[in-house]
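Have a look at the structure below before the remarks.
Numbered from 1 within each chain, the chains take letters A, B, ... in sequence-line order. Since the model is a prediction, treat every value here as computed from it, not as a measurement.
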Amino acid sequence: MSDKDWAALVGLAVYLALRAVDYLLPKGRHFRFIDRWIVRDDTDEERGEHRDGA
Amino acid sequence: MTAADAVGIVFGRRPRPYALAACLSSTVLAVLLWGGTGVWGDHHDVWSVATAVAATASAVLLAAGWALSSRAFLEHGLLLNAGVFAARGAYIWIVGGNFWTAALSLTWVVASGGAYLMERTATGPPGAPRRR
């Protein structure tokens, strides 16, 4: 295999590894440090700006 | 002051600075790969074409993810961005190129991979405040 083949395989491996980590992370959880850095914002303006209305 | 007040709204959508940066980096990489002008060199073998296609897809998905407010597009764009920069970094490393040039690519892998995992653990639409 050429150098490019190996390099592309490394890229593919990283892609699959990230998918695997995502698969293994427990669902319905989020990183705790996010809570430390953001605050809740419940204004109507915030809610209304998204297309899907979520 | 809300987050929207702080950063403003662009074309009715919340700005996504990291997605924009990743989109631009994927675009540059795609141009280099298709043009055969970067460290990758000749681009006529199957893996080179696959890497170029992945870089192009990453740029398109990140742009579409922002324009369509699609978290799925953003996630796949970030994932592909991490993959193509991993390939670039690995290639530079394998051929004995400058370590720091390879490390620069690996920083994109860490940033985009981390952003992907954070998007996956977030709830609600892209950029929305997290709610429980």
Do you reckon [X] sits in the same ILVMFWY cluster as [Y], going by side-chain contacts under 4.5 Å, direct or chained?
X	Y	answer
B:Trp93	B:Leu32	no
B:Leu80	B:Leu68	yes
B:Leu62	B:Val28	no
B:Tyr116	A:Leu16	yes
B:Tyr18	B:Val109	yes

List the atom of [X], the atom of [Y], and the distance in Å for their closest heavy-atom pair.
X	Y	answer
A:Ala7	B:Ala90	CA-CB, 4.1 Å
B:Leu117	A:Leu25	CD2-CD1, 4.2 Å
A:Leu18	B:Ala82	CD1-CB, 3.8 Å
B:Ala87	A:Ala8	CB-CA, 4.1 Å

To the nearest 0.5 Å, tell me how far [X] [atom1] sits from [Y] [atom2].
X	Y	atom1	atom2	answer
A:Asp3	B:Tyr91	CG	OH	6.0 Å
A:Arg19	B:Glu75	CZ	CD	9.0 Å
B:Thr51	A:Lys4	OG1	NZ	9.5 Å

Below 4.5 Å, heavy atoms only, C-beta onward: do A:Tyr15 and B:Val84 meet side chain to side chain?
-> no
Above 12 or not: heavy atoms from other molecules or residues under 6.0 Å from CH2 of B:Trp108?
->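 Atom CH2 in B:Trp108 is packed in, count exceeds 12.
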Chain B contacts, top residue of A:Asp5, A:Val10, A:Val14 (heavy-atom pairs, under 4.5 Å) =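 The answer is A:Asp5.
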